[in-house]
Amino acid sequence: MMRRGRASRLAGQDQAPHMAGPAARGDGHLQPRDTGAALPSDDVLARQGLAARGEGRVLLIACGALAREILDLKRVNGWDHLDLQCLPANLHLWPDRITLAVEAAVLQHRADYAQIFVVYADCGTGGLLAVKCAELGVEMVEGPHCYSFFEGNAGFAERAGAEYTAFYLTDFLVRQFDAFVWKPMGLDRHPELRDMLFGNYDRLIYQAQTDDPALDAKAEACAARLGLAYERRFTGYGDLAPALARL
């Protein structure tokens, strides 16, 4: 989940407000919606993940940071054939652990479902996750990371040359900024490191999955804490929706 560059590499060396999921609006955008007790808090999704319910014929093995978006897409589209297991989102602080965790989940559940689909992009595994998924005979969502597939892989690639100095946040990372950015980088203990870690960035781009003024305000505050210019870009769910629609 972390943006590539020095800051993201350092985040991977250290350790890891609850917002409701979105609902469809007439213009195709998604708005925050109360999902009730079915979805754990962000803190639980970060540290523990979400267990599969044993329902449906296709199991999605996903990052906990994507739980709200996937469950919303399931609800809006009536995709009852999809079940969801989320691995702890804080695996992204140690991306070398993602491939082994995905492999263990596939081996645990493959006899129980007609199909397993992995909802991780490369996510800092250096191609190892794709190799392992091919070895296991399971497909995975396309893209180098969630920033890319949320924006749309083609569009993200087109912008890459002009945005290599941008630091990205998603809805989940805005809500979990302290746990996934500020504390793992040691900025809570050594705020003087900020300029060294983020000196080569010029802006923070908040890729908004939902239209939520409170999240927008928090994302702008995150940019100020990092000393970066702020840009909000509504992406919705990008390539995630069509990837799940074909299952």
Q) Which atom pair, heavy atoms only, marks the closest approach of A101 to L91? A)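 Scanning both residues completely, I find the closest heavy atoms to be CB-CD1, 3.8 Å.
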Q) How close do V118 and C133 get, heavy atom to heavy atom, and via which atoms? A)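 That closest heavy-atom pairing would be CG2-SG, 3.9 Å.
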[atom1]-[atom2] distance between [X] and [Y], expressed to the nearest 0.5 angstrom:
{"X": "D171", "Y": "K218", "atom1": "CG", "atom2": "NZ", "answer": "11.5 Å"}
{"X": "M185", "Y": "M196", "atom1": "CE", "atom2": "CE", "answer": "10.5 Å"}
{"X": "I70", "Y": "C63", "atom1": "CD1", "atom2": "SG", "answer": "8.5 Å"}
{"X": "L60", "Y": "L84", "atom1": "CG", "atom2": "CG", "answer": "6.0 Å"}
{"X": "L169", "Y": "L226", "atom1": "CG", "atom2": "CG", "answer": "7.5 Å"}

In the single-linkage hydrophobic clustering (I, L, V, M, F, W, Y; side-chain heavy atoms under 4.5 Å), do [X] and [Y] co-cluster?
{"X": "I98", "Y": "F149", "answer": "no"}
{"X": "Y120", "Y": "L50", "answer": "no"}
{"X": "L247", "Y": "W79", "answer": "yes"}

Q.
Which label fits F177 and W182: parallel for a plane angle under 30°, tilted from 30 to 60°, or perpendicular past 60°?
A.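 F177 and W182: tilted rings.
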Q: Please find out if less than 6.0 Å separates the ring center of Y168 from that of Y201.
A: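 No, too far apart.
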Q. Given the side-chain rings of F180 and F172, with only the six-membered ring counted for Trp, is the space between their centroids under 6.0 Å?
A.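 Ring-ring flag for F180/F172: true, centres closer than 6.0 Å.
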Do [Y] and [X] meet the salt-bridge criterion of a basic N to acidic O distance under 4.0 Å?
{"X": "R246", "Y": "E139", "value": "yes"}
{"X": "R233", "Y": "E231", "value": "yes"}
{"X": "K74", "Y": "E69", "value": "no"}

Q.
Whether the D216 and Y230 side chains hold a donor-acceptor pair (N or O, under 3.5 Å, no angle test) is what I'd like checked.
A.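 Looking only at side-chain atoms, Y230 and D216 do form a donor-acceptor pair, the distance falling under 3.5 Å.
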Tell me whether [X] contacts the main-chain N or O of [Y] through its side chain, where contact means a donor paired with an acceptor under 3.5 Å.
{"X": "D83", "Y": "E55", "value": "yes"}
{"X": "H190", "Y": "L193", "value": "no"}
{"X": "R194", "Y": "G199", "value": "no"}
{"X": "T125", "Y": "D122", "value": "yes"}

(Q) By the definition side-chain hydrogen bond (donor to acceptor under 3.5 Å, both in side chains), identify the one residue from E151, Q207, Q209 that meets it with T235. (A)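 Going through the options one by one, the only one that passes is Q209.
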Q. When you look at R47 and D42, which way does the salt bridge (Lys or Arg N to Asp or Glu O under 4.0 Å) test go after all the steps?
A. CA-CA 9 Å; R47 299 173 183 274; D42 283 334; over 6 Å; no
Q | Full working for salt bridge (Lys or Arg N to Asp or Glu O under 4.0 Å) between R232 and D211 | A | CA-CA 10 Å; R232 180 188 183 274; D211 282 324; 2.8 Å; yes
Q.
For D80, I'd like to know if atom CG has over 12 heavy atoms of other residues, nucleotides or ligands within 6.0 Å.
A.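 No, because the 6.0 Å sphere around CG of D80 holds 12 heavy atoms or fewer from other groups.
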**Q.** Close side-chain approach of L82 and Y113, heavy atoms under 4.5 Å
**A.**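 Counting from C-beta outward, L82 and Y113 never come under 4.5 Å.
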